Amino acid sequence: MRPRGLLLFAAAYFVILELLLVAAALAWPAFLENIGALRSMAAPIPVLGAAMDQIQERGFPAYLLAQHFFKGCNTLGAAAAVLFAAPAVAGEAHRGTLELWLARPLSRRRILLERWGAGALALCVPIFLTTLTIPILAERIDEWDPLGPYLECALHQSLFLLAIYAVAFLWSTLGSHPGAIALWMLFVTTFEFAIYMIKVWTHWSLFRLCDIQTLLDVIDHGLDVPLVGGLVLASAACLGASLFAFERRTP
Amino acid sequence: MSERASVESGVISIAGLARRFGLVQAVHPLSVRIGPGGITGLLGPNGSGKSTLLRMLIGLVRPNAGAAAVDGARLVGDGLAVRRRVAYLCGEIHAYGELTGRSHLAWCLRGRPRASLQRAIDLAKRFELPLAKPVRSYSHGMKRQLFLAAALAPDVRVRILDEPTEGLDPTRRREVLELLREDAARGTTLLFSSHHLGEVARTCERQLFLRRGELLDENAAGALRERARLALRVTWPAAPDASELERVLVPLGPIEKRLDGASATFFFPGGLADGRAALLALLLSSALPDPRAIEYGEPSLADLYRELYGVEGV
């Protein structure tokens, strides 16, 4: 994706995330009023029931984590990660511009890192920007929450999405069909999100690494270093493999 | 990479460079020294390995064996050292349609000194390209000219151009060839691939022939040129009757010939002078129609191409 296109997509992604966040935050008083009824409605789906229990127990922070991070960032962010990464290299091959892209007097390492970095920024910056508006929104509904823990959650969320982005990017470095890469990656992430909702399979889902309980633990105890380290390691490994493949790629 | 390529300014030095794609040996180990200075044409039919060789030289395709050095920079790793010293024109014209011509030039020349962009813009204006318009509105030939402007702008000692005139109209083609000649006159080493024998014959001081990934030994090419020089080519208004032609040639004894539609090429083992007059006398006194053209002496590049590849060049 060209820089201007990436910027537009990132802006659209930010706007949608922020709109979802605003809507969710402003709906909190009504949600709180009806939480009992909502809990009963969610009961048939144990995973949702458990989420409602967490919200009932912890109040606004848990609600916000569920709405903004678990629902908003995980679904929209995962899609954005795939859509930003899939055309990164494969898109150039598909449109025939790979030779032109590589023929400039720039090292392949630099070319790839620039593109990887641009996509990663486009993916993560909107998460942080929207998170920065949480205290303002909380104040409007007479809630007060410190920003720090939410920023840690945003960091955790970003690293989780970066891991997905890095996998899709690696595939893009190896392939030449961005559409197929995007479709397969979206299928896998949707499947992973779907199995999270099935109680007996929840622990097999990747989204277990960034669910409400995990993010509540981040708020309570700070970043889980082994988990965050694992996510960073996964991204770094994929980036390393991408660099290795890209150095050898033939236009 | 056991062979060593000599590292000299303005010189393209290739030592045993080879590339295989799966089971296909795209380029067999080849060695050649080009420059300093001058225009060298790389000829060969489609699939002969021209583009792969050029791509290897600037690090776009990694060689499986051999070594190369361009303008004093050895081809190692991703070829960055070479790309910094060489301007390259892609053979395939796929552009970023959403960019304007000017932005596209700037994008292509990223990593080059600023002055290159201004030269490229001047060249593009000389080609009358609408630089403010998106590249998607350009024709194929206009895109080629835009790419050419970017390839001819950098102040480098070596340019590698993959089919620089493909898709251009005859006027623009002449203009581009003139630009290449001017560039060579300034001491630049130019290596370009082409299918157009005429332009290669007019522009290049030296021609390299690739056949199925193998560079023909220049001595062998010279021998073929000599063989073509000693051949006599007769063209009739229509394809001659082969049996009648055989009958006419009987008095000359065994003679090597190649019949190709309305033309026939005759080779005289003892030299052209030995059989030329007798052959023409026999042909003119036969029942065959009078020839439309009789060619001999200095062979054209087309003759040589036909000799090398057994097919007509363009």
Side-chain angles (χ1 to χ4, degrees), chain A residues 1-12 83-84 86-119 122 172-179 239-251, chain B residues 19-22 26 51-52 54-64 70 73 76-100 103-113 116 134-136 143 146-147 150-151 154 156 160-162:
Chain A
M1 200 178 289
R2 305 275 312 131
R4 190 179 292 178
L6 192 64
L7 201 64
L8 281 173
F9 267 89
L83 294 177
F84 292 163
V89 179
E92 299 285 348
H94 187 67
R95 74 194 296 187
T97 47
L98 191 57
E99 184 180 12
L100 188 66
W101 194 39
L102 299 177
R104 296 179 303 167
L106 303 168
S107 74
R108 288 202 181 192
R109 177 178 293 260
R110 179 177 164 183
I111 290 171
L112 192 85
L113 287 176
E114 278 181 358
R115 188 143 294 189
W116 199 94
S172 179
T173 311
L174 299 167
S176 303
H177 301 284
L239 176 58
S242 298
L243 280 168
F244 181 82
F246 192 63
E247 293 268 342
R248 283 148 189 82
R249 175 135 195 179
T250 297
Chain B
R19 173 70 200 205
R20 170 183 285 278
F21 291 111
S51 292
T52 303
L54 299 185
R55 285 172 173 187
M56 273 198 288
L57 285 178
I58 65 154
L60 288 178
V61 173
R62 286 194 176 218
N64 296 127
V70 183
V76 286
D78 71 355
L80 177 62
V82 171
R83 283 200 302 282
R84 282 188 174 139
R85 307 176 76 90
V86 171
Y88 174 73
L89 173 73
C90 300
E92 293 189 16
I93 300 298
H94 297 284
Y96 295 101
E98 70 276 21
L99 295 182
T100 63
S103 306
H104 208 287
L105 285 177
W107 188 90
C108 287
L109 291 167
R110 212 180 135 213
R112 302 273 185 206
S116 300
V135 175
R136 77 167 71 87
K143 285 179 193 163
L146 187 74
F147 281 31
V156 291
I160 296 174
L161 312 169
D162 197 354

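Note on naming: letters A, B, ... go to the chains in the order of the sequence lines (proteins, then strands), and numbering restarts at 1 for each one. Fair warning: this is a prediction, and the values are worked out from it, not measured in the lab. Values reported hereafter were calculated over all heavy atoms of this structure, with side chains retained and with hydrogens, waters and symmetry mates removed.
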Can you list every pair that meets salt bridge (Lys or Arg N to Asp or Glu O under 4.0 Å) and has a residue in residues 98-112 of chain A, with sequence neighbours left out? Glu99(A)-Arg55(B), Arg110(A)-Glu114(A)

What part of [X] lies closer than 4.5 angstrom to a heavy atom of chain A: side chain, backbone, both or neither?
X	value
Ile58(B)	side chain
Tyr96(B)	both
Ala95(B)	backbone
Leu99(B)	side chain

Between Arg115(A) and Glu92(A), is there a side-chain N and carboxylate O pair less than 4.0 Å apart? yes

For Arg62(B), what residues pass the salt bridge (charged side-chain N to carboxylate O under 4.0 Å, His left out) criterion, not counting sequence neighbours? Glu247(A)

Decide if atom CZ of Arg84(B) counts as having more than 12 heavy atoms of other residues, nucleotides or ligands within a radius under 6.0 Å. no

